[in-house]
Structure formats: structure tokens, C-alpha cells
Amino acid sequence: MTSETPAESHDVARKTRSGLSWNVLGAVGTNVTRVAVIAILGRALDSTDFGVVAAAVSVTTILHGIRDIGVGTAIVQRKELLPGHVSSGVAFSIVLGVALSMLLFLTAPLVGDLFSIPQSVDVIRGISLLFAIRGFSTIPRMLAQRAMRFRASTIAETAAFMVGSAVSIVLALGGAGPWALVAGYLVEEVLATLMFMKIEAVPLTLRIDRIRLRELLGFGSRQTAGQVMGSLGNNVDNFVVAHWLGATQLGFYTRAYDLIRLPSIAFGTIVGTVLFPAFARIKDDRARLADHYRRVAFANALVLLPASAGLIVLAPEAIRVLMGEGWEAAILPFRVLAIAMLARTSQRLSALVATAAGRAGAIAIAYTLYSAAVLVGALATVQFGIPGVAISTAIGMFVCFVACSVPALQVTGLPLTAFAMAHVPGIVLAGVVLVVGWPLAVVLRTHLDLAVGVISIVALLAGGICLGVLTAWVRLGRGDMAWLGTELARLRKRRRA
């Protein structure tokens, strides 16, 4: 059992609720901005531009998993944190960040050859600077997360993202091509680094206490293995598409993939950074950990399953509104990948729970299975074009979801039946959206040549019916619906106060 006092437990709960509130605000701001950026850049850049940058980003994302070999995450997870841990973590992160930048800069031609996109070499070299910059902010970010300083973190990340996005838009409209995206990434990273170094002042030193660093690496190395394999699984399909189908098809594929990643990004923004330190603090109380795990899984399914159904129904209109004309090739892979949207997000939840409880090794194995499934699947289906790769990638996401859920269920003691039942309300609402929305969208397309109009009518009708079903369900007051009703009542009471 946990050794927390009731006062400490209440403080963690209060900070978690506050963190979720601030992160919701940040997620709304960043995701509204992200959608606007996608819409503008989809019209200012072509598929080949996105493909060139996607090749570079795929490599940096994989290397990002070893940016500090899990030292930062270990700092959040440790119960006792000494000054030697912090200073050693700072020095290690800076040195490793610079080393990764140099490695990627020097090997850029090789990476360009592997992707069969030679025009990506200079872009890869530009993006390589991200690691050196990020090395200075890794530990301050994690210290802010450990201390649950979510308000300051949300403001820093949201502000940096918005400024970086504005830079990308201005340069793209000015004809900068793929370099518009590179510049936006660099500006965002510089601003975020400066702000986090202000939020959590740490000693900028290159001195390392070997004992303290070894203690961090003991947990961090397993965490890093999971991060690298997860990043590999998320990007190895890009390599297959680029190498066999070219930069233009990669651009279509990654645009579809990036759109269905938005909920996963929102999850990471809203609850990911909040829940990991919260889970880490209650990891010895299996009953509480299981309760929190089930409820977040329930909320995830309740939102994402009907949203996935809506995106499947409205994929043609969504692509046209968000990307403009000329992106029709992204519609089918977008629909396929939307089926796995919940799996992509929920595996992150399970990974958070298992890692917070010290099962980072099990998550590394799960992500290894995921990477293998995506790679083998992509190689087997690339002959069918990007729709084929999308199908195999979606299957890989479900493999990852199951593989991550197993250790999470083990550490929490949550029965499989209870975990499965938490998803039932979301499945029911998704069915409502498909039954109501699909025939309605088919009819509207024959009479209404306005994508926004089709989206609005389908969303209002299907969403209204779903809201009615959900309201009736909450009033029954059973299971997790009773908890949802209590939480909604508490929020209404707070607003009135």
C-alpha cells in the first residue's frame, strides 16, 4: 500500500485535476492552431514537400527516443531525488543532445539514400539541430512535470507551438517550401527550451556523478528501449512508403497519418504529462491505480470511438476542408487509419500505467512487437500502395494496444472483463454515428456540393442523438456512468461557485 498521508493524497488529486484543466486549455489552443496550420500548409505546399520533410522527421523521431536514454523520465519516477541526480541528468542530456545532432548531420546523405529521397539531405541536417537545443531543456521539462507545474508548462508549450506554427505559415506562403516546416520546428524548440529553463532553473554543468547517473540509467535504459521501439514502429512504415513509392506518395500517407494522430497528440498534451507523475505517486496502491486506469480508458473510448466513426463517415469532406484540392489520394488511408485511432491513443495510456509502476521492460517488449508488425506488414502490403500500408499499420496499432494492455492489467490487478466493459459505451456511440451518419452523408453528397455543409449536418444530427443516448445512460447511474455523472455535477457546482 502507499505510504501517502490523506493530505498528500488530496494534494496529488488537486494538482492532477488542476493539471488536466490547464492541459485541456493548452490542447484546445494547440490543436485549433494545428488544424489551421494543416489547412493553410496543405494549400501552400504540395505532397512532395511534405514527403521530403516527413523523411527527415521520421529519423529524428526515432532518435528522439534516445535523447536522454530515459534519464528525464527516471527523474519523474524516482521517489527520492537528490541534487546529484539533477546535475548529472543535465550534463548527460546536453552532451547526448549535441552528439545526436552531430551524428544525424554527418549521416544525412546515408539517410537520404535509405529513403530514396536525396532532396531530404539538407532538410535532415537542418532538423538535426533540434537535438542539441532540446538537450538543454530535457531535465527542466521533467522537473516541471515531477513538481506538477502544469500551468507554467502548458503556457510554455502552447506559446512556443503557436509562434513556431506562425513562422512556418509565413515562410510557406512566401515560397520557402519544405524549409518553412524546418524553420517552424527550430523556432518552436528554441522558445520552449528558453521558457522551461526559466520555469525550472537547473545548473548548466558538464560534471557527472557516476553513481547518481547509474541510478537514473537503471530505470531509464528500459524506458529508452520502449521509446525507441515505439518511435520505430511509428515511423518504419514511412521508410517503406518512401523507399518503394517515393516522396509524393509519402506526403499523401503522412498527411493521412498525421490527421488521425491529432487525438493521440491531444491525449499526450491533456493527460499524458499529468497522469504519469500521478500514477507514479500511487503505483503502490493497486486499487487506486486500477480505478484511475479504468476510468481514463472509459473516457478515452467514450470520446474517441464515436469520433473515429465520424471521421470514417466524413473522410472525403474532412480531407477537402483541411487540406484543399488535390489530396484525394489521402482519403482511403485516412479512413483505414481512423479505425485504429482509439488503439493508438489507449496504448499510450497502458504504457503510462505500466511504466509508472516500474514495468518499462514489458512496454519495451510490447513496442518491439509493434515495430515488427508494422515493418513486416508494410513490406507485405506496399505492393497495394498506401491504402495497403495503412491497413497493415492499423493492424500493428491493435497489436501494440493489446501488448501494452497486458502489463498494465497485471500491475493494476484490473480484471480483463472490467477493462473491456469500460469500452462498451464508446462502442455503442460509435455504432450510432455509423448507422445515422453514413446513409445521411451519402444522401447529402448527391444534393449538397459543400463539404462544410455535409460535415455540419451529419455532426449535428449524429452528435445530437449520441448526446441524448449518453444523457439517458448517465441518468441510470450505473458503473462508470455514475462516476461520469458525479464528475459532471461537480464541474457544474464549481462553475456556479
Side-chain angles (χ1 to χ4, degrees), residues 27 31 34-35 38-39 42 50 54 233-235 237-238 241 249-268 297 299-323 327-349 370 373-374 377-378 381 384-402 423 425-442 444-445 451-452 454-456 458-459 462-463 466:
N31 282 297
R34 188 172 279 113
V35 170
I38 289 173
F50 281 108
N234 289 336
N235 292 276
D237 49 341
N238 291 348
V241 171
Q249 290 300 305
L250 178 62
F252 286 124
Y253 180 76
T254 54
R255 285 294 83 190
Y257 196 119
D258 287 346
L259 289 174
I260 68 100
R261 284 179 61 236
L262 288 177
S264 180
I265 294 172
F267 175 84
N300 260 353
L302 197 63
V303 173
L304 292 181
L305 284 174
S308 298
L311 290 177
I312 293 169
V313 170
L314 296 169
E317 289 75 22
I319 292 294
R320 193 188 314 168
V321 169
L322 290 174
M323 302 298 298
W327 291 89
E328 290 76 14
I331 293 175
L332 183 53
F334 175 70
R335 270 182 164 150
V336 172
L337 292 168
I339 297 173
M341 194 163 67
L342 174 70
R344 177 176 173 80
T345 302
S346 290
Q347 60 86 10
R348 295 190 65 184
L349 167 64
Y370 170 49
V374 173
T381 58
F384 303 108
I386 56 176
V389 177
I391 291 173
S392 61
T393 299
I395 293 173
M397 290 180 185
F398 280 105
V399 169
C400 187
F401 169 55
V402 173
H423 294 80
I427 294 173
V428 171
L429 294 185
V432 170
V433 172
L434 288 174
V435 171
V436 174
W438 191 279
L440 179 60
V442 171
L444 289 174
R445 287 179 190 129
V452 174
V454 175
I455 292 174
S456 300
V458 172
C466 283

To the closest 0.5 Å, what do you measure between CZ (Phe252) and CD (Glu328)? 8.0 Å
Hey, what do you get for CD1 (Ile455) to CG (Leu444), rounding to the nearest 0.5 Å? 11.5 Å
Do any side-chain atoms of residues 310-319 form donor-acceptor pairs under 3.5 angstrom with protein atoms, and if so which ones, sequence neighbours left out?
from: Glu317; atom 1: OE1; to: Arg445; atom 2: NH2; distance (Å): 3.0
from: Glu317; atom 1: OE2; to: Arg445; atom 2: NE; distance (Å): 2.7

Nearest non-hydrogen partners of Val432 and Cys466, listed with the distance: CG1-SG, 3.8 Å
What is the distance from atom CZ of Arg335 to atom OG of Ser308, rounded to the nearest 0.5 Å? 13.5 Å
Applying side chain to side chain contact (heavy atoms under 4.5 Å, CB included), name anything that partners Pro306, two or more places apart in sequence or on another chain. Leu429, Val433
From CZ (Phe398) to CD1 (Ile339), nearest 0.5 Å: 7.5 Å
In short, Ala309 meets Leu434 closest at the heavy-atom pair CB-CG, 3.8 Å
As an exercise, state the distance from CZ of Arg344 to CG of Leu337, rounded to the nearest 0.5 Å. 9.5 Å
Listed by chain and number, what are the side chain to side chain contact (heavy atoms under 4.5 Å, CB included) partners of Ala394, not counting sequence neighbours? Val336, Ala340
For the side chain of Thr254 and the backbone of Gly251, is there at least one donor-acceptor N/O pair under 3.5 Å apart? yes
Any chance you could measure Asp237, atom CG, to Ile386, atom CD1, to the nearest 0.5 Å? 11.5 Å
Side chain to side chain contact (heavy atoms under 4.5 Å, CB included) involving Val435 - partner list, sequence neighbours excluded: none
Which residues pass the side chain to side chain contact (heavy atoms under 4.5 Å, CB included) test with Val303, not counting sequence neighbours? none
Gln249 side chain reached by Val389 side chain, heavy atoms, under 4.5 Å: no
Under a 3.5 Å threshold, yes or no: a donor from one side chain and an acceptor from the other, between Asn300 and Thr345? no
What are the two closest heavy atoms between Ala378 and Ser392, and how far apart are they? N-OG, 3.4 Å
Evaluate the side-chain contact (heavy atoms from CB on, under 4.5 Å) criterion for residues Trp327 and Leu322: first the C-alpha distance (whole Å), next the side-chain angles of each, then the deciding distance (0.1 Å), finally the verdict. CA-CA 10 Å; Trp327 291 89; Leu322 290 174; over 6 Å; no
Closest heavy-atom pair, Tyr370 versus Met397, reported as atoms and distance to 0.1 Å, is CE1-N, 3.9 Å
With sequence neighbours left out, the residues meeting side chain to side chain donor-acceptor pair (under 3.5 Å) with Asn238 are Ser58
One pair to check against side-chain contact (heavy atoms from CB on, under 4.5 Å): Tyr253 and Thr393. What are the steps and the verdict? CA-CA 11 Å; Tyr253 180 76; Thr393 299; 3.0 Å; yes
Between Pro333 and Pro387, which heavy-atom pair has the shortest distance, and what is it? CD-CG, 4.4 Å
